[in-house]
Amino acid sequence: MNQRKLLPADSIADSAYATMRDLHPDIVAAVEDAIARHTVVVVGMAQNVVVARVKRVLKKAGIDFFYLGYGSYFSAWRKRLAIKLWSGYPTFPQVFVNGVLIGGCRETEEAIASGALPALLGK
(Lines give C-alpha, C1' and ligand atoms only; values in the text may rest on other atoms or scores of the structure.)
Protein backbone atom coordinates (compact mmCIF):
# COMPACT_ATOMS: atom_id res chain seq x y z
CA MET A 1 0.00 0.00 0.00
CA ASN A 2 1.30 3.44 -0.88
CA GLN A 3 1.57 5.82 2.02
CA ARG A 4 -0.05 9.20 1.57
CA LYS A 5 2.25 12.15 1.80
CA LEU A 6 2.20 13.77 5.22
CA LEU A 7 3.82 16.90 6.50
CA PRO A 8 6.87 15.70 8.42
CA ALA A 9 6.51 15.98 12.19
CA ASP A 10 9.61 18.16 12.38
CA SER A 11 7.88 20.63 10.04
CA ILE A 12 5.02 21.21 12.49
CA ALA A 13 5.59 23.75 15.26
CA ASP A 14 4.74 22.55 18.75
CA SER A 15 1.99 25.16 19.03
CA ALA A 16 0.40 24.03 15.74
CA TYR A 17 0.62 20.38 16.77
CA ALA A 18 -1.01 21.21 20.11
CA THR A 19 -3.90 22.88 18.28
CA MET A 20 -4.34 19.81 16.08
CA ARG A 21 -4.05 17.39 19.02
CA ASP A 22 -6.42 19.33 21.25
CA LEU A 23 -9.22 19.78 18.68
CA HIS A 24 -12.11 17.82 20.21
CA PRO A 25 -10.19 14.86 21.63
CA ASP A 26 -13.49 13.69 23.17
CA ILE A 27 -15.00 13.26 19.70
CA VAL A 28 -11.97 11.38 18.41
CA ALA A 29 -12.09 9.16 21.50
CA ALA A 30 -15.79 8.43 20.88
CA VAL A 31 -15.06 7.39 17.29
CA GLU A 32 -12.12 5.22 18.40
CA ASP A 33 -14.32 3.60 21.05
CA ALA A 34 -17.10 2.88 18.55
CA ILE A 35 -14.60 1.37 16.10
CA ALA A 36 -13.22 -0.86 18.86
CA ARG A 37 -16.71 -2.01 19.93
CA HIS A 38 -18.52 -2.45 16.61
CA THR A 39 -17.66 -4.38 13.47
CA VAL A 40 -18.98 -1.73 11.07
CA VAL A 41 -19.10 1.96 11.96
CA VAL A 42 -20.38 4.81 9.82
CA VAL A 43 -19.37 8.34 10.83
CA GLY A 44 -21.42 11.04 9.19
CA MET A 45 -23.56 14.10 9.48
CA ALA A 46 -27.17 15.16 9.03
CA GLN A 47 -28.42 16.59 5.73
CA ASN A 48 -25.69 14.83 3.73
CA VAL A 49 -27.26 12.74 0.97
CA VAL A 50 -24.14 10.60 0.57
CA VAL A 51 -24.25 9.64 4.25
CA ALA A 52 -27.91 8.69 3.85
CA ARG A 53 -27.03 6.68 0.74
CA VAL A 54 -24.29 4.62 2.40
CA LYS A 55 -26.65 3.79 5.26
CA ARG A 56 -29.28 2.59 2.74
CA VAL A 57 -26.67 0.57 0.83
CA LEU A 58 -25.49 -1.18 4.00
CA LYS A 59 -29.06 -1.91 5.11
CA LYS A 60 -29.97 -3.29 1.68
CA ALA A 61 -26.92 -5.58 1.84
CA GLY A 62 -28.03 -6.81 5.27
CA ILE A 63 -24.97 -5.36 6.98
CA ASP A 64 -25.52 -4.09 10.50
CA PHE A 65 -23.64 -0.93 11.42
CA PHE A 66 -23.25 1.55 14.24
CA TYR A 67 -23.80 5.18 13.26
CA LEU A 68 -22.20 8.27 14.74
CA GLY A 69 -23.55 11.59 13.46
CA TYR A 70 -21.91 14.93 14.09
CA GLY A 71 -23.96 17.98 13.25
CA SER A 72 -25.09 19.14 9.84
CA TYR A 73 -23.86 21.52 7.21
CA PHE A 74 -24.73 24.32 9.64
CA SER A 75 -23.23 22.97 12.85
CA ALA A 76 -20.43 20.94 14.41
CA TRP A 77 -17.92 21.51 11.63
CA ARG A 78 -15.06 21.70 14.15
CA LYS A 79 -16.00 18.28 15.52
CA ARG A 80 -16.02 16.85 12.00
CA LEU A 81 -12.71 18.57 11.28
CA ALA A 82 -11.17 16.80 14.30
CA ILE A 83 -12.30 13.47 12.84
CA LYS A 84 -10.87 14.35 9.42
CA LEU A 85 -7.53 15.35 10.95
CA TRP A 86 -7.45 12.10 12.92
CA SER A 87 -8.45 9.76 10.07
CA GLY A 88 -6.84 11.67 7.22
CA TYR A 89 -9.97 11.09 5.13
CA PRO A 90 -11.38 14.31 3.61
CA THR A 91 -15.14 13.65 3.43
CA PHE A 92 -18.13 12.03 5.08
CA PRO A 93 -19.29 9.38 5.44
CA GLN A 94 -16.31 7.56 6.82
CA VAL A 95 -16.90 3.81 6.97
CA PHE A 96 -14.81 1.57 9.20
CA VAL A 97 -14.87 -2.24 9.03
CA ASN A 98 -13.05 -4.30 11.63
CA GLY A 99 -11.23 -1.15 12.73
CA VAL A 100 -10.05 -0.27 9.21
CA LEU A 101 -11.18 2.83 7.31
CA ILE A 102 -12.46 1.50 3.99
CA GLY A 103 -13.47 4.93 2.70
CA GLY A 104 -16.76 6.60 1.94
CA CYS A 105 -19.90 5.64 0.08
CA ARG A 106 -18.27 4.84 -3.27
CA GLU A 107 -15.68 2.57 -1.70
CA THR A 108 -18.34 0.87 0.42
CA GLU A 109 -20.52 0.24 -2.64
CA GLU A 110 -17.52 -1.17 -4.51
CA ALA A 111 -16.58 -3.42 -1.56
CA ILE A 112 -20.12 -4.78 -1.39
CA ALA A 113 -20.37 -5.31 -5.17
CA SER A 114 -17.01 -7.10 -5.35
CA GLY A 115 -17.84 -9.31 -2.38
CA ALA A 116 -14.90 -7.95 -0.39
CA LEU A 117 -17.03 -6.42 2.36
CA PRO A 118 -19.29 -9.45 2.86
CA ALA A 119 -16.15 -11.63 2.93
CA LEU A 120 -14.63 -9.43 5.65
CA LEU A 121 -17.80 -9.95 7.65
CA GLY A 122 -18.02 -13.71 6.99
CA LYS A 123 -21.22 -13.41 4.95
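Given the structure is predicted, the values throughout are model-derived calculations rather than measurements. Atoms considered below: every heavy atom in the structure, side chains included; atoms not considered: hydrogens, waters and symmetry mates. FYI, the numbering just counts along the sequence from 1.
- Rounded to the nearest 0.5 Å, atoms CD1 (Ile12) and CG (Leu7) are 4.5 Å apart.
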### Task
Start with the C-alpha gap between Leu81 and Leu23, add the side-chain angles, then the distance that decides, and say whether side chain to side chain contact (heavy atoms under 4.5 Å, CB included) holds.
CA-CA 8 Å; Leu81 179 58; Leu23 185 64; 4.0 Å; yes

### Task
Starting from the C-alpha separation in whole Å, work towards a yes-or-no answer on side chain to side chain contact (heavy atoms under 4.5 Å, CB included) for Val51 and Arg53.
CA-CA 5 Å; Val51 172; Arg53 186 167 112 199; over 6 Å; no

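- Here the CD1 atom belonging to Ile102 is positioned 3.5 Å from the OG1 atom belonging to Thr108, to the nearest 0.5 angstrom.
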#### Entry: Working for side chain to side chain contact (heavy atoms under 4.5 Å, CB included), residues Leu58 and Val42
CA-CA 10 Å; Leu58 289 166; Val42 175; 3.5 Å; yes

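- For residues 102-123, the set of pairs meeting the ring pair (Phe, Tyr, Trp, His ring centres under 6.0 Å) definition, not counting sequence neighbours, is empty.
- With side-chain heavy atoms closer than 4.5 Å counting as contact, directly or through intermediates, the hydrophobic cluster containing Val50 also holds Val49.
- For Arg56, the salt bridge (charged side-chain N to carboxylate O under 4.0 Å, His left out) test picks out no residue, with sequence neighbours left out.
- Rounded to the nearest 0.5 angstrom, Ile83 CD1 and Met45 CE are separated by 11.0 Å.
- One distance of note links NZ of Lys79 with CG of Leu68; it measures 12.0 Å at 0.5 Å rounding.
- With hydrogens and angles ignored, the 3.5 Å screen pairs no side-chain donor or acceptor of Ser75 with any backbone N or O of Gly71.
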Give every donor-acceptor pair under 3.5 Å between a side-chain atom in residues 26-33 and any protein atom, sequence neighbours left out.
from  : atom 1 : to    : atom 2 : distance (Å)
Glu32 : OE2    : Trp86 : NE1    : 3.4

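- Glu109 is listed as a side-chain neighbour of Cys105, based on a closest heavy-atom distance under 4.5 Å.
- In this structure, Tyr89 contributes its side chain and Gly104 its backbone to a donor-acceptor pair below 3.5 Å.
- Rounding to the nearest 0.5 Å places CZ of Arg80 at 8.5 Å from CG of Asn48.
- Residues that satisfy the side-chain hydrogen bond (donor to acceptor under 3.5 Å, both in side chains) test with Tyr70, not counting sequence neighbours, are absent from this structure.
- Note that OG of Ser87 is 7.0 Å distant from CZ of Phe92, once rounded to the nearest 0.5 Å.
- Counting only residues at least two apart or on different chains, the ring pair (Phe, Tyr, Trp, His ring centres under 6.0 Å) pairs with a member in residues 34-69 are His38-Phe66.
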### Query
Does the side chain to side chain contact (heavy atoms under 4.5 Å, CB included) test come out yes or no for Ile63 and Thr39, once each step is laid out?
CA-CA 10 Å; Ile63 297 171; Thr39 304; over 6 Å; no

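- Side-chain contact between Leu101 and Gln94: present, with at least one pair of heavy atoms (C-beta onward) separated by less than 4.5 Å.
- Enclosure of atom CZ in Phe74 is not indicated, since only 12 or fewer non-hydrogen atoms of other residues, nucleotides or ligands lie within 6.0 angstrom.
- The 12-atom threshold is exceeded at NZ of Lys84, counting heavy atoms of other residues, nucleotides or ligands nearer than 6.0 Å.
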